[in-house]
Undergrad: 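Would you mind keeping the following structure in view while I ask a few things?
Letters A, B, ... mirror the listed sequences (proteins, then strands); counts begin at 1.
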2 protein chains.
Amino acid sequence: MAHEAHQELVQEVKAKMPQADTLFELADFFKVFGDSTRIRIMCALFERELSVCCIADIVGMEQSTVSHQLRVLRQENLVKVRRDGKQSYYSLEDEHIQKIFEMGLEHILE
Amino acid sequence: MAHEAHQELVQEVKAKMPQADTLFELADFFKVFGDSTRIRIMCALFERELSVCCIADIVGMEQSTVSHQLRVLRQENLVKVRRDGKQSYYSLEDEHIQKIFEMGLEHILE
DNA sequence: GTAACATATGAATATTCGCTCATATGTTCA
DNA sequence: TGAACATATGAGCGAATATTCATATGTTAC
């Protein structure tokens with residue numbers, strides 16, 4: 001390809017892409033899905049809201065680990081918390097999560 | 001919650017969850033989306049197939065970096081390659097990718 | 001053949017990230 | 001108030017990972 005044509009193509013594609021900031025945010029968002037502990041936590045929450053210690057038992061990890069990961073999920077607005085007495089009940093923030101999940105499953109099951 | 005009720009709930013949720021293996025695979029799949037360089041590469045490929053050096057120019061990174069990341073994308077069956085003379089042209093493997101992308105965007109733009 | 005270009009890959013490095021331990025904070029009940 | 005329980009958080013460690021440099025491999029044109 002000629003040098004000018006190359007540059008032109010590069011500029012054309014760059015122009016059509018979303019802003020760099022948005023793509024960095026998007027990467028951070030998907031990063032959250034890229035850990036098996038967090039995936040399993042989210043998956044458990046598909047069924048119903050759960051307390052921290054229940055989640056820990058379900059995924060078979062320390063309460064502390066789960067608590068740390070729930071914080072990550074909270075920061076990306078993927079889960080919400082509800083305090084009830086001594087316990088914190090976590091649930092999913094919205095239904096995008098389940099759809100993204102399903103689409104991922106479709107891909108790997110091909 | 002009583003101890004037996006807790007255990008019962010844990011078992012019930014665990015039973016409804018997909019197999020652990022599947023969830024580990026799923027995490028590996030999403031891990032690929034969790035890096036801004038790879039996200040930008042995929043995003044560039046939404047427009048059209050591109051050679052490695054074009055991609056490198058578009059995302060503003062070394063040819064070597066892009067080549068390494070394209071290998072990661074290949075390993076997860078997210079892109080395919082076509083050799084044409086000296087150049088390798090990469091394109092997206094299927095349309096799930098774009099849908100996952102869009103859903104991620106919807107979430108962060110809320 | 002060799003030169004020039006495009007891509008792939010191995011090694012080294014720096015950074016990120018998940019997990020665990022110890023402990024702090026928050027809540028209930030006696 | 002203090003004991004018991006649930007959750008959150010900070011520090012430290014080890015593993016994973018993204019990038020770069022140097023170089024190998026592959027391809028074309030002369």
Side-chain angles (χ1 to χ4, degrees), chain A residues 1-3 5-7 9-10 23-24 27-42 44-45 49-76 78-91, chain B residues 1-3 5-7 9-10 23-24 27-42 44-45 49-76 78-91:
Chain A
M1 192 187 296
H3 184 65
H6 170 94
Q7 283 308 323
L9 176 56
V10 167
L23 296 179
F24 279 91
D28 283 339
F29 171 69
F30 282 123
K31 209 168 283 178
V32 181
F33 288 79
D35 175 75
S36 59
T37 301
R38 285 192 295 264
I39 280 279
R40 284 181 298 153
I41 291 174
M42 286 189 271
L45 294 175
E49 72 167 11
L50 291 166
S51 68
V52 177
C53 72
C54 268
I55 299 174
D57 273 5
I58 291 166
V59 303
M61 312 217 71
E62 301 268 329
Q63 170 267 319
S64 156
T65 304
V66 171
S67 211
H68 278 297
Q69 298 299 4
L70 283 167
R71 184 157 53 91
V72 176
L73 293 170
R74 244 185 295 132
Q75 282 166 347
E76 285 290 337
L78 290 169
V79 298
K80 50 177 181 279
V81 210
R82 175 178 74 83
R83 256 282 183 184
D84 182 18
K86 281 183 281 190
Q87 304 185 312
S88 295
Y89 286 94
Y90 281 82
S91 54
Chain B
M1 190 187 297
H3 185 65
H6 171 94
Q7 283 307 324
L9 176 55
V10 167
L23 296 179
F24 279 91
D28 283 339
F29 172 69
F30 282 124
K31 208 167 283 178
V32 181
F33 287 79
D35 175 76
S36 60
T37 301
R38 285 191 295 264
I39 280 281
R40 283 180 300 152
I41 291 174
M42 285 189 271
L45 294 175
E49 73 166 11
L50 291 165
S51 67
V52 177
C53 72
C54 268
I55 299 173
D57 273 6
I58 292 166
V59 304
M61 312 218 69
E62 301 268 330
Q63 171 267 319
S64 156
T65 304
V66 171
S67 213
H68 278 298
Q69 298 299 5
L70 283 168
R71 184 157 54 90
V72 176
L73 293 170
R74 244 185 294 131
Q75 281 166 348
E76 284 291 338
L78 290 170
V79 298
K80 50 176 180 280
V81 209
R82 174 179 74 81
R83 255 282 183 184
D84 183 18
K86 281 182 281 192
Q87 303 183 316
S88 295
Y89 286 94
Y90 282 82
S91 54

Undergrad: Find the distance B:E49:CD to C:dT7:P and express it as a whole number of Å.
TA: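 After rounding, the reported distance stands at 12 Å.
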Undergrad: Taking atom P of D:dT17 as reference, at what distance in whole Å does atom CG of A:D28 sit?
TA: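 The answer, rounded to whole Å, is 17 Å.
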Undergrad: Can you give the donor-acceptor pairs under 3.5 Å from side chains of residues 30-37 of chain B to other protein atoms, not counting sequence neighbours?
TA:
{"residue": "B:K31", "atom": "NZ", "partner": "B:D28", "partner atom": "OD1", "Å": "3.3"}
{"residue": "B:D35", "atom": "OD2", "partner": "B:T37", "partner atom": "N", "Å": "3.1"}
{"residue": "B:D35", "atom": "OD2", "partner": "B:R38", "partner atom": "N", "Å": "3.1"}

Undergrad: Output the residues of residues 66-73 of chain B in contact with DNA chain D, where contact means a heavy atom of the residue under 4.0 Å from an atom of the strand; sort by number or write none.
TA: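 When residues 66-73 of chain B is checked for heavy atoms under 4.0 Å from DNA chain D, the hits, listed by number, are B:H68, B:Q69.
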Undergrad: With respect to the side chain of A:V52, which nucleotide from D:dT9, D:dT7, D:dC21 is positioned closest?
TA: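 Of the options given, the side chain of A:V52 lies nearest D:dT7.
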Undergrad: Please give, in whole Å, the distance from C:dA8 C1' to B:R74 CZ?
TA: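 To the nearest whole Å, that distance equals 8 Å.
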Undergrad: Using the test salt bridge (Lys or Arg N to Asp or Glu O under 4.0 Å), find all partners of B:E49 that sit at least two apart in sequence or belong to another chain.
TA: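 Per chain and number, B:E49 pairs via salt bridge (Lys or Arg N to Asp or Glu O under 4.0 Å) with B:R82.
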Undergrad: Under 4.0 Å between any heavy atoms, over every strand shown, what does B:S64 touch: base, sugar-phosphate, or nothing? Just pick one.
TA: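 Base: the residue B:S64, judged by heavy atoms under 4.0 Å, touches a nucleobase.
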Undergrad: What residues form a side chain to side chain contact (heavy atoms under 4.5 Å, CB included) with A:K80, not counting sequence neighbours?
TA: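 Per chain and number, A:K80 pairs via side chain to side chain contact (heavy atoms under 4.5 Å, CB included) with A:S91, A:E93.
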Undergrad: Separation of B:Q87 atom CD from D:dT27 atom C1', in whole Å?
TA: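 In whole Å, D:dT27 C1' and B:Q87 CD are 11 Å from each other.
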Undergrad: Go through D:dA8, D:dC21, D:dT19 for me and flag the one nearest to the B:E62 side chain.
TA: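 For B:E62, the side-chain atoms sit closest to D:dC21.
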Undergrad: Rounded to whole Å, how long is the line connecting atom CD1 of B:I39 with atom P of D:dA18?
TA: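 Atom CD1 in B:I39 sits about 12 Å away from atom P in D:dA18.
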Undergrad: Which heavy atom of A:L9 sits nearest a heavy atom of B:C54, and at what distance?
TA: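 Scanning both residues completely, I find the closest heavy atoms to be CD2-SG, 3.9 Å.
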Undergrad: In this structure, how many angstroms lie between the C1' atom of C:dG18 and the CZ atom of A:R38, rounded?
TA: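 Whole-Å distance recorded here is 8 Å.
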Undergrad: Rounded to whole angstrom units, what separation is found between the CG atom of B:D35 and the C1' atom of C:dT16?
TA: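 These atoms are roughly 11 Å apart.
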Undergrad: Under 3.5 Å between N/O atoms: give me all the protein pairs with nucleotides 23-30 of chain C, atom names plus distance.
TA:
none

Undergrad: Applying side chain to side chain contact (heavy atoms under 4.5 Å, CB included), name anything that partners A:S88, two or more places apart in sequence or on another chain.
TA: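 A:S88: side chain to side chain contact (heavy atoms under 4.5 Å, CB included) contacts with A:V52, A:V81, A:R83, A:Y90.
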Undergrad: What pair of heavy atoms forms the shortest contact from B:L45 to B:I55, and how long is it?
TA: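 Scanning both residues completely, I find the closest heavy atoms to be CD2-CD1, 4.2 Å.
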Undergrad: Can you pull out every side chain to side chain donor-acceptor pair (under 3.5 Å) where at least one residue sits in residues 54-63 of chain B? Sequence neighbours excluded, please.
TA: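 Found A:H6-B:D57.
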